[in-house]
Amino acid sequence: QVQLVESGGGLVQAGGSLRLSCAASGRTFSSYIMGWFRQAPGKEREFVAAIRWSGANTYYADSVKGRFTISRDNAKNTVYLQMNSLKPEDTAVYYCAAAVVWSMLKESYNYWGQGTQVTVSS
């Protein structure tokens, strides 16, 4: 069982940066693949980024590649999403999630946080 709690969201101007954190409980955190997803009003929840347990492999949605960076600190049971060069279209509720398989599909993720709001003003 893994419990996830996101933090770090807020209001930022276009071009700005935010760093999201996701704190996990559970002794087996390091064995899970961690992902970030986002959901804008009226839209489906979409994949943003994922990272393997070792941190050696990452994958990004095309829309955030080169601007967002996912990382993890297994000693702190925390995964991060550094978001730079933010755009108004990045506005959404951001969720972290844990999976046992390498996947970009939200259906593959077993555990979810409650989400944190990111709003980018133009």
Side-chain angles (χ1 to χ4, degrees):
Q1 186 80 10
V2 176
Q3 293 184 327
L4 305 172
V5 179
E6 303 97 333
S7 61
L11 174 64
V12 64
Q13 288 188 333
S17 298
L18 281 175
R19 188 176 82 154
L20 306 183
S21 298
C22 174
S25 63
R27 293 178 295 175
T28 59
F29 169 77
S30 62
S31 65
Y32 284 90
I33 289 156
M34 298 301 297
W36 284 97
F37 290 76
R38 66 187 182 185
Q39 188 166 17
K43 294 189 176 182
E44 292 285 323
R45 190 170 300 189
E46 65 176 5
F47 171 79
V48 174
I51 187 167
R52 286 191 184 274
W53 69 270
S54 67
N57 296 97
T58 57
Y59 191 80
Y60 298 92
D62 288 343
S63 59
V64 306
K65 202 172 294 183
R67 300 188 297 122
F68 290 12
T69 302
I70 188 172
S71 62
R72 67 190 294 165
D73 185 336
N74 289 337
K76 295 182 178 180
N77 280 9
T78 302
V79 63
Y80 305 97
L81 185 68
Q82 177 66 45
M83 306 186 294
N84 299 328
S85 302
L86 282 161
K87 305 174 181 180
E89 50 263 45
D90 294 318
T91 295
V93 177
Y94 283 70
Y95 299 89
C96 72
V100 295
V101 296
W102 182 246
S103 174
M104 286 83 239
L105 300 177
K106 59 183 182 295
E107 293 79 9
S108 298
Y109 285 75
N110 310 93
Y111 303 102
W112 292 84
Q114 83 289 348
T116 186
Q117 176 70 47
V118 172
T119 303
V120 184
S121 63
S122 57

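All values below were derived from every heavy atom in this structure, side-chain atoms included, with hydrogens, water molecules and symmetry-related copies excluded.
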For salt bridge (Lys or Arg N to Asp or Glu O under 4.0 Å), just list the numbers for Lys87 and Asp90, CA-CA rounded to whole Å, side-chain angles, deciding distance to a tenth of an Å, and then say yes or no.
-> CA-CA 5 Å; Lys87 305 174 181 180; Asp90 294 318; over 6 Å; no
Worked verdict on Val79 versus Trp36 for side-chain contact (heavy atoms from CB on, under 4.5 Å) | CA-CA 9 Å; Val79 63; Trp36 284 97; 4.0 Å; yes
Under the side-chain contact (heavy atoms from CB on, under 4.5 Å) rule, what do Asn84 and Gln82 come out as? Steps first, then yes or no, please.
-> CA-CA 7 Å; Asn84 299 328; Gln82 177 66 45; 2.9 Å; yes
Under the side-chain contact (heavy atoms from CB on, under 4.5 Å) rule, what do Tyr94 and Leu81 come out as? Steps first, then yes or no, please.
-> CA-CA 10 Å; Tyr94 283 70; Leu81 185 68; 4.1 Å; yes
Taking it one step at a time, do Phe68 and Leu86 satisfy side-chain contact (heavy atoms from CB on, under 4.5 Å)?
-> CA-CA 9 Å; Phe68 290 12; Leu86 282 161; 3.8 Å; yes
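Annotation: Glu107, atom CD; neighbour count of heavy atoms from other residues, nucleotides and ligands within 6.0 Å is above 12. By the 6.0 Å contact criterion, NZ on Lys43 is open, its count of non-hydrogen atoms from other residues, nucleotides or ligands being 12 or less.
Using a 4.5 Å cut-off between side-chain heavy atoms of Ile, Leu, Val, Met, Phe, Trp and Tyr, with links allowed through other members, Trp102 and Tyr109 fall into the same hydrophobic cluster. Cluster annotation: Ile33 is connected to Tyr59 through the hydrophobic network of ILVMFWY side chains, with a link wherever side-chain heavy atoms come within less than 4.5 Å. Hydrophobic clustering of Ile, Leu, Val, Met, Phe, Trp and Tyr side chains at less than 4.5 Å, counting indirect connections, unites Val100 with Val2. A continuous path of hydrophobic side-chain contacts links Met34 to Val101 [ILVMFWY only; heavy atoms under 4.5 Å]. A continuous path of Ile, Leu, Val, Met, Phe, Trp and Tyr side chains, each step under 4.5 Å between heavy atoms, connects Val93 with Phe47, placing both in one hydrophobic cluster.
Side-chain contact annotation: Asp73 with Thr78, donor-acceptor N/O pair under 3.5 Å absent.
Taking both residues in full, the closest heavy atoms of Val118 and Gly9 are given as CG2-CA, 4.1 Å, listed atom of the first, atom of the second, then distance. Pro88 and Ser122 make their closest contact through CG-CB, 3.8 Å (heavy atoms, listed as atom of the first residue, atom of the second, distance). Between Thr69 and Tyr60, the shortest heavy-atom contact is CA-OH, 3.3 Å. Of all the heavy atoms in Ala24 and Leu4, the pair that sits closest is CB-CD2, 3.5 Å. In this structure, Ser103 and Ala50 approach most closely via the heavy-atom pair O-CB, 4.5 Å. Shown here for Ala92 and Ala40, the closest heavy-atom pair between the two residues is CB-N, 3.8 Å.
Side chain of Asn74 to backbone of Trp53: a donor-acceptor contact under 3.5 angstrom is found. For Arg72 (side chain) and Arg52 (main-chain N/O), a donor-acceptor pair under 3.5 Å exists by modelled atom type. Remark: the backbone N or O of Thr91 is not paired with any side-chain donor or acceptor of Thr119 at under 3.5 angstrom. A distance-only check finds a donor-acceptor pair linking the side chain of Glu6 to the backbone of Gln114 [under 3.5 Å].
Annotation: the span from Arg19 atom CZ to Ser21 atom OG amounts to 5.0 Å, rounded to 0.5 Å. If you take CD1 on Ile70 and CE on Met83, they are separated by 12.0 Å, rounding to the nearest 0.5 Å. The structure places CD of Gln117 at 11.0 Å from CD of Gln39, a figure rounded to the nearest 0.5 Å.
Ring centroid separation for the pair Phe37 and Trp112 comes in under the 6.0 Å cut-off.
A cation-pi arrangement is not found for Arg38 relative to Tyr95, the charged atom failing to lie both closer than 6.0 Å to the ring centre and inside a 45° cone about the ring normal.
The aromatic rings of Tyr32 and Tyr111 sit perpendicular, their planes meeting at an angle over 60°, well past the 30° parallel limit.
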